[in-house]
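What follows is one structure encoded as C-alpha cells, with my remarks underneath.
The residues of the chain are indexed from 1 along the displayed sequence. Side chains included, hydrogens not; waters and symmetry mates left out as well; all remaining heavy atoms used. Whatever order the structure lists ligands and atoms in, that order sets their numbers, starting from 1.
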Amino acid sequence: MESALGCDDEGEEKQQMSKSDLIIRIAGEGGEGIISAGDMITQACARAGLDVYTFKTFPAEIKGGYAMYQVRASGQRLFNQGDTFDVLCAFNGEAYDLNHARLKSGTALVYDSPGGDFEPDIPEGVFAYPIPMTATAKELKSPKAKNMVALGALSQLFAIPEVSLREVIGAKFGRKGEAVVQANLAAFARGRELAAALTKTDPFAVGQAVEKRDVVVMSGNHAIGLGALIAGLDFYSAYPITPATEIAQYVAKHLPKRAGTLIQAEDEIASIAQVVGASYAGKKSMTATSGPGLSLMSEMLGMAFMSETPCVVVDVQRGGPSTGLPTKHEQSDLFLAIHGTHGDAGRIVLSVENVRDCVDLTVQAFNLAEKYQVPVLLLSDGSLAFSTQTIPYPDPDSYTLVERKRWDGEGEYKRYQLTADGISPMADPGTHGATHIATGLEHNELGMPNYTPANHEAMQDKRFRKLMTVAADMPPAEVDAGAEEDMADIGVIAWGSTIGVVREALQRLRAAGIQAKGFYPKLLWPLPAEQFEAFGAGCRRLLLPEVNFQGQLAHFVRAETSLRPESYTICGGLPFTPDMIVTKVKEMLA
Ligand code: COA
C-alpha cells in the first residue's frame, strides 16, 4: 500500500473528522508559494496555542513540479503528520488529480476556479469551495499573491486567526519592501471576502488551545542547529546538500555572535577533515550532510575513530541510493552510518524522533563525542528536516554539558594511554610537555607508529572498550506500554520519525482492544541488545516498520539479539502514517 500521504492510495477510510485535530493540505506547483502559505498557517495556529506538526514535500527542481504542505493542528499533543487531510486546497489540476483519491465524503476542497487550469468533478459528499485564486491575483496586479488569496479564503472558511496571519504576512515579506507587504495583505483580504460570500457547509474550524504554553515552533533542521549551539559548538564546516543545508544556514546566523567559526568547505571530504582538525585543536566541532555526503566522509570517520578525535556528524537522510530522491523522505543510511568505513572501526549512532529530540540529542551527541573521543553520527530524515513542530521552549541552562578529559600536566604525557575504560586524556596542540602525534596509522601510547601484533590488538581493544559503556550513559530506550503490564499481543519497534507514527497507531490499537507495546531506541549503535531482549520478552509478536527497502534496523536486531521481528518496509519517498501501522498489525494478528 502507498503511504496515505501519497496520492494513489485506495487504502484506509479517513479518520473520523474532528474539529480539535484538523489537517489542511495545500498543494500546487513549486514556485507558487505553497511553502510560504503553509508556514503562515503553521505560525498562526501555533500562536493560537495549538500543537502543530507539519509535513511538506517538494520537487528537486527550483520551479515547477508538485509541491505539497500539510499542517496538522490540534489542542492535543501531536506525534506525527496524521493520516490524510480534512481540507485540501488545490492550486492547479495536477494537485487536484494527485489528491483526488483521498477526497472522500466529508472532506473539504478549496480550489482555483473560475480562472484556474482545471474544473473538478466534485466527488459526492465533498464540501467544495471555488475561489478564483489566479484570476484575483491577476486582477490585483500581483500574480505572486495567488497564495495569499488562497490563504485569505482558508482563514475565512476554517477560522485560522486573521490577526496572526496578517502579522505573519508582514513579517514574511517585510524584507521585500512595504509595497510587497501591502499587495499581499490586499490579496489576503480579498481571499477572505470571496470566501465569506460562499455558504460554509463543512464542520471544520481551527480550534483554540485551552491554555497558553511556553512553546516555540521550529523545524528539525533549525532545532539541530540550536542543539549544537547549546552544546557549546565552536566550529562548523559546511558543505550544502538537501535536506541538510538549513542546519548550516541556522548555525551561520548564530555562531559568529559567540565567536564561533563556520566555514563553507569545497566538498564533504574537506568538510569532515576540517571538523576532525578543529576538534584535534580542542574545539567542539561538527558538520551536517545527507547520504551522498556521508559516503564521501567515510574514510575520515575511520580516521577520527583511529585518532580518537571527538566529532559530531549529522546525517539528514534522504531517498537513495546515489543522488536518489534529494527532497524525499527515507531511513536508509543505517548500514552506512554504523559500518561505513574501512577496517574495524567503531562509532556511536543516535537517531531523532521529532523536533524536540533534534535539540536534546544533538546536545547528547556532543556529550558522547567529547566523553568517548569518537565520531558520533546523528541521524535525522527528510520529513523531520522540514517539519515544523511545537516544542516546549528549550532552556539552554537545563542541559548538562560534558567536556573532554584533558591532561592534568602530571608525569609523561601519553595521548593514547591504555586506561581501564579506554579513555585517555587529550591535550590541545601547543600544550607545554604534551607534544604528540595523532595519526591514522596504528600507534603506541605516545602516538608513535607501531605495527606490532600485540600493540594493534591492545589498541583496538582500548578503542572498542570505550564503546561498551555508552548504552549505560543514555536514558534506556522508551517502552511505550500504555496500561499493559502483561504480555502484549504485538510489540512494535520503531526508530527515527517513524516512532511518532507508531505512538498514535498504538493508541488506536489499544482503543480497539489490542494489547500493544512500543519500543523506541534513540541509541542505535552500539545496539543496546539487552534492552531489545527485555522488550521482546514481553511481546508475543514483533513488528519493525522502517522506511527503507532492506529492513536495515531489523537486520541489526536479528544480528545482535535473539529477536526475529517481522520487517515492514516501504520506500516510496514518504513516511508511514498511523493507519498503515494499524492495518499491518491487524493483518498480523488476524
Ligand atoms: N509574494 C512575494 N513573494 C512570494 C510570495 C508572495 N505572495 N509567495 C512566495 N514568495 C516568494 C517566497 O518568499 C520565496 O522567495 P525567497 O526565496 O526570496 O524567500 C519564493 O517566492 C518561493 O516561495 P516558497 O513559498 O518558499 O516556495 P514554493 O512553495 O513556491 O516552492 C521550493 C518552491 C522552495 C519548493 C523550490 O523552489 C525548491 O527550493 N525546491 C527544492 C530544491 C532542492 O532542494 N533541490 C535539491 C537539489 S539536490
Side-chain angles (χ1 to χ4, degrees), residues 24-43 54-71 89-92 94-95 112 133-134 136-155 165-166 168-191 219 221 239-249 253 267-268 288-296 316-330 382-383 385-388 573:
I24 299 176
R25 178 180 296 190
I26 310 176
E29 187 173 285
E32 281 191 307
I34 302 290
I35 307 294
S36 298
D39 276 344
M40 288 171 183
I41 294 177
T42 303
Q43 291 293 339
T54 73
F55 175 78
K56 40 188 134 161
T57 177
F58 45 82
E61 293 72 29
I62 300 300
K63 201 158 170 33
Y66 174 67
M68 180 270 265
Y69 194 124
Q70 181 166 302
V71 186
C89 178
F91 274 39
N92 60 24
E94 183 191 20
D112 186 15
M133 304 171 193
T134 307
T136 305
K138 273 189 196 153
E139 196 182 291
L140 294 171
K141 303 212 174 357
S142 6
K144 282 217 86 165
K146 170 181 176 179
N147 57 347
M148 294 300 108
V149 179
L151 188 67
L154 291 171
S155 151
L165 282 174
R166 294 181 72 86
V168 178
I169 291 170
K172 167 82 183 171
F173 297 123
R175 69 183 167 88
K176 297 188 188 231
E178 189 51 28
V180 176
V181 173
Q182 289 310 322
N184 278 294
L185 285 173
F188 173 77
R190 187 74 190 114
S219 72
N221 275 345
Y239 187 75
I241 181 167
T242 300
T245 307
E246 281 179 346
I247 301 173
Q249 288 169 336
K253 200 166 155 191
D267 57 32
E268 287 93 342
T289 188
S290 189
L294 187 62
S295 294
L296 293 175
V316 186
Q317 301 166 93
R318 67 188 212 183
S322 188
T323 28
L325 299 80
T327 57
K328 304 294 180 204
H329 171 83
E330 216 165 73
S383 70
F386 301 123
S387 174
T388 38

Q) Can you list every pair that meets salt bridge (Lys or Arg N to Asp or Glu O under 4.0 Å) and has a residue in residues 29-38, with sequence neighbours left out? A) E32-K146
Q: Report the distance from atom OG1 of T388 to atom CZ of F55, rounding to the nearest 0.5 Å.
A: 12.0 Å
Q) What pair of heavy atoms forms the shortest contact from K328 to F58, and how long is it? A) NZ-O, 3.5 Å
Q. Is there at least one protein heavy-atom neighbour under 4.0 Å from atom 27 (O) of ligand 1?
A. yes
Q) Under 3.5 Å between some N or O of ligand 1 and some N or O of V180? A) no
Q: Locate the shortest heavy-atom distance separating I34 from I26; write the atom from each residue and the value.
A: CG2-O, 3.5 Å
Q | Selection from P326, A67, S36 by shortest heavy-atom distance to atom 23 (O) of ligand 1 | A | S36
Q) With a 4.0 Å cut-off on heavy atoms, does K146 reach ligand 1? A) no
Q) Quick one: does ligand 1 sit under 4.0 Å from the side chain of P59, the backbone, both or neither, non-hydrogen atoms only? A) backbone
Q: Go through ligand 1 atom by atom and flag the ones less than 4.0 Å from a non-hydrogen atom of G31.
A: 28 (P), 30 (O), 31 (O), 33 (C)
Q) Any idea which heavy atoms bring L294 and T289 closest together, and the distance? A) N-CG2, 3.7 Å
Q | Protein residue, atom and distance nearest to atom 46 (C) of ligand 1, heavy-atom basis | A | T242 OG1, 3.4 Å
Q: Looking only at protein heavy atoms, identify the closest one to atom 4 (C) of ligand 1 and say how far it is in Å.
A: F173 CE2, 3.4 Å
Q | Check: A37 N/O within less than 3.5 Å of ligand 1 N/O | A | no
Q) To which protein heavy atom is atom 38 (C) of ligand 1 closest, and what is the distance rounded to 0.1 Å? A) E61 O, 3.9 Å
(Q) Please find the pair of heavy atoms, one from A189 and one from R166, that lie closest to each other, and give the distance. (A) CB-NH1, 4.4 Å
Q: Looking only at non-hydrogen atoms, find the nearest pair between E246 and A385 and report the distance.
A: OE1-O, 3.9 Å
Q: Could you pull out all residues at least two apart from S290 that satisfy side chain to side chain donor-acceptor pair (under 3.5 Å)?
A: none
Q. Which protein heavy atom lies closest to atom 17 (O) of ligand 1, and at what distance to 0.1 Å?
A. R175 NH2, 4.8 Å
(Q) Looking at every heavy atom in both M40 and L151, which two are closest together, and how far apart are they? (A) SD-CD2, 3.6 Å
Q | Distance from atom 21 (O) of ligand 1 to nearest protein heavy atom, with residue and atom | A | K144 NZ, 3.0 Å
Q) Under 4.0 Å from any heavy atom of E32, which atoms of ligand 1 are there? A) 30 (O)
Q | K172 neighbourhood, listing ligand 1 atoms whose heavy-atom distance to it stays under 4.0 Å | A | 13 (O)
Q | Polar contact flag for I34 and ligand 1 (N/O pairs, less than 3.5 Å) | A | yes
Q. If you measure from OG on S142 to CZ on R190, what distance do you get to the nearest 0.5 Å?
A. 12.5 Å
**Q.** For atom 8 (N) of ligand 1, the protein heavy atom that lies nearest, with its residue and separation
**A.** N147 ND2, 2.9 Å
Q | Sole residue of V71, T54, V168 in side chain to side chain contact (heavy atoms under 4.5 Å, CB included) with I41 | A | V71
Q: Note the single closest protein heavy atom to atom 7 (N) of ligand 1, along with its residue, its atom name and the distance in Å.
A: N184 OD1, 2.7 Å
Q) What's the shortest distance from atom 45 (N) of ligand 1 to any protein heavy atom, and which residue and atom give it? A) A60 O, 2.7 Å
